[in-house]
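Taking it in order: structure first as structure tokens, then the write-up.
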Amino acid sequence: MRNRPVPQSRKFDFFKAIACIALFAAGAIAARAQTADQAWLREPSHLVLFGKVIALGNSPIEQSAVKELSRSISHPASIKDASMLRAWHENWLTVIGTAEEVRKAYPHAPVPSGLAPGEYWIWSNGSNEHSLYVVAGGDERGALYGVFALLRYPLSGMTSPPEKLPSLHAQPLRSRPAMPIRWTDEWDNANGTVERGYGGRSIFFEGGKVRDDLSAVGEYARLLASVGINGCNVNNVNGAAPFLTPEMLQGLKRIADAMRPWGVRLAISVDIASPQKIGGLKTFDPLDPAVQAWWAAKVDEIYAQIPDFAGFTVKADSEGQAGPASYGRSPADAANLLAHALAPHGGVVLYRAFVYNNHLDYNDLKADRARAAYDIFHPLDGKFAANVIVQIKYGPIDFQAREPVSPLFAGLEKTNSAMELQITQEYTGQQRHLVYLAPMWKQILDFDLRADNRSTPVKEIIEGKSFHRPLGGMIGVSCVGRDGWLGAPLAMANLYAFGRLAWDPYNLPEQIAEEWTRQTINNDPHVVYVVAKMLMQSWPAYVDYTGPLGTQTLTDITGSHYGPNIEASERNGWGQWHRDDAQGIGMDRSVATGTGFAGQYPPEVAKMYESPATTPDDLLLFFHHVPYTYKLHSGETVIQYFYDSHYQGADEAAQLVAEWKTVRAMVDPKLYNDVLGRLEYQAGHAIVWRDAIVQYFLKESGIPDAKGRAGHYPGRMEAEDARLSGYKVIEVTPWEDASGGKAVTCDAGSAPKGCSAEWTYAGKAGHFDIAVQYFDQQGGVAHFSLDVNGKAIATWDADAKLPSRRPNGDNSTRFTTSEVELKPGDVLRVDGTPNASDPAALDYIEIEPAASAR
Ligand code: GCW
């Protein structure tokens, strides 16, 4: 007989309670040290409803699962009535274990047979009196993933209120990972920097060794596990030799220990020349017995310390990294060398197909970097050892804002393959721009390569289904750091989405976006709607204001990879060419007249890309060189599309700001302001992109914008046309990064008190927004002020962290002040005070009717 209070309506068990956390979850994102709370794993409040939580086995992974479910019991938002809490504890039990453990302990639980590794099954006995929840895994990882799924379930893809969700008794939750390899790659260097990382310094390394404090590593592993990621390669694929020294291996062992409780296995990148670089051998020839013995011994040394070590990633014969080509050997020789050393221990080799010659001849119209991966790897199909997986970037070039799918996915039928994506936004705005990449990834995953004239979507190839391969998967280049993981709160949606798509590539980006928002921000329907919408809009907008129609990201490809720089991709050996001239633009990659790249696809796809008439507009210029007057399927000319898409993209970026403003009252103020600042910056930088590309192609083509926008900027007053005091006019390089190609700069030496630029307003009287476009250069914090008729309107510091010490599109920044009253004859003045190497450079001011007057 019970004499203690019990929950009234247990029929709906935890789903009802979930409705309560929805309210609670509107709380702040904790800004403590580096924890998973800075991402989507915030303190939940409802777990008390699982009653007592126990693991059936002793493994650290099951203990993590228990911890995860029990985390909130002491949370202030938990049920406050102590007697009720006790009752739940006594009457409700949640057990976590492998299928085998559950069968043994609860013979009546209908655990299905054949749960795969990583798979979970979650069931409840449906009893009102003595509720039992079972989280069973195909293995311990499966049980852990089940716990995360259970926590997420009521919040994920929710289209109906929580209490309407089906009961776990009637409909147990069951899911298995689509592919065995679900890893992140980190490009961390031993000195603590992270290549292409925009989230601060390494969580793994500092000062040439593994950090003493690895608490962030444990938290990272927890985050990864929550979305089913089971491997993490912690070091840069460039310069990897130092990572195999005995001292480093001791440190790596500590990293593996920190990640193990979350089922995340450690992998490292290795330099194929290690036997020579750190092993004292004269050679690193993969076929040399001494080299083979060296690797075998090194691998034994690793496994002695890290018994569940996952394997090696290799970048070789690429961008200055040594490779088997030095000895006339093939990538298969190099991969198999490592594979044979790893095989006895169960390790794998991820051999990157990112192998290409970066000294191509620009004048050779047949030369094509896009061809490289297929040309090199396709002939080796079937020559790789069973534990080798060829790791293929999604497109044939390099993580561009849009590329076609790599044809190599269809070119390896007898070899395991995996797809490499980039979570860190190297070419997609470097986390300063909101660009949710899941919609792009989804397009790639869904793309049907029609290998052997049958349905072979990329997702099924890397799942191993299409060609019956035992190994395959997805690798996300993540490059997290100590500054809130990815350095920008909304960028975390990409890490989350990567995991969710690697688990199940049938997941929908919009649903993932909603799910992430519910967990990270809150469950308010308006917030969920708006944030998911913003996320979904962001990638198309970015493509629109950067490089449309398959031109790739038109950025400085030899430097920052960030701001606009159209010619940087041309006339060099890197092969990211788009070949624009006065008549037209695009690379002819057809078989008939071009580089032949289109012919690397299976016949049906090759046929589609062979002719401009059948190539989709959004990849037209990747495959064909066409005149600016060429008519797209949409009916527009290429040049008009350039104008339109850039204006549209910049408008869409501005729209993101407006949308975010609608959630102001519903989200944590700190988060609100942080994101608002970033979105405002992005909207300004989208204008920099728009103007650079539009004015460049206007000049190049000589064809005006049918809508009259390109080259006409009503309300814009150039700094070089102002009355200048101290400021000197300079030419900006590349010219398209400044309005009219010119800016003004202040030399602290000759103008120690700063410089100023003055304009007389000649427009109509009214209220206006005034934008000041300036260059926020590295190496100092310049100070600016804007005044009207000597009255201060605004002051600000150029203190952003942007690439480049020269004024250009990387650091061109827009400051806007609203609702300023102006009348004809008013004098507007910008004062710029240089600081250190930042010369307070200025491009223009722009006066627009205030939002209230538009
Ligand atoms: O995209 C390029 C990056 C390099 C990177 C390389 C690669 C690690 O600019 O920084 O090097 O790709 O993927 O190997």
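One-based numbering, in listed order, for ligands and for the atoms of each.
Using bins of under 30°, 30° to 60° and over 60° for the plane-to-plane angle, the ring pair Trp441/Phe498 lands in the perpendicular bin. Ring pair His433/Tyr542 is perpendicular by interplanar angle, where above 60° counts as perpendicular and below 30° as parallel.
Screening Asn233, Leu350, Leu421, Ile389 against Ile475 for a side chain to side chain contact (heavy atoms under 4.5 Å, CB included) leaves a single residue, Leu350.
Taking a cut-off of under 4.0 Å to the non-hydrogen atoms of Asn238, the atoms of ligand 1 that pass are 8 (C), 11 (O). Those atoms of ligand 1 that come under 4.0 Å of a heavy atom in Phe354, given as number and element, are 6 (C), 7 (C), 12 (O), 13 (O), 14 (O). The His561 neighbourhood of ligand 1 comprises atoms 9 (O), with distances under 4.0 Å to a heavy atom of that residue. Proximity to Asn236 (heavy-atom distance under 4.0 Å) selects the following atoms of ligand 1: 8 (C).
Looking at Gln391, Arg196, Lys393, it is Lys393 that brings a heavy atom closest to atom 12 (O) of ligand 1. For atom 13 (O) of ligand 1, the nearest non-hydrogen atom from the set Glu426, Arg352, Glu420 comes from Arg352.
Protein heavy atom nearest atom 1 (O) of ligand 1, with residue, atom name and distance: Asp398 OD2, 2.6 Å. Here the protein heavy atom with the shortest distance to atom 10 (O) of ligand 1 is Glu195 OE2, 2.4 Å. Nearest protein heavy-atom neighbour of atom 6 (C) of ligand 1: Glu319 OE1, 3.3 Å.
Using a 4.0 Å cut-off between charged nitrogen and carboxylate oxygen, Glu463 and Lys459 do not count as a salt-bridge pair.
Aromatic ring centres of Phe312 and Phe309: separated by under 6.0 Å. Aromatic ring centres of Phe399 and His561 lie farther apart than the 6.0 Å criterion allows. Here Phe205 and Phe243 bring their ring centres to under 6.0 angstrom of each other.
Geometric assessment of Arg579 against the ring of Tyr362 yields a positive cation-pi assignment under the 6.0 Å and 45° thresholds.
Contacts of Val237 with ligand 1, taken as heavy-atom pairs under 4.0 Å, involve the side chain alone. Heavy atoms of Gln422 found under 4.0 angstrom from ligand 1: none, in either backbone or side chain.
Of the polar atoms of Lys315, at least one N or O is found under 3.5 Å from an N or O of ligand 1, judged by distance alone. Considering backbone and side-chain N/O of Trp187, none are found under 3.5 Å from N/O of ligand 1.
Closest approach of Ala316 and Val355 over heavy atoms only: O-CG2, 3.6 Å.
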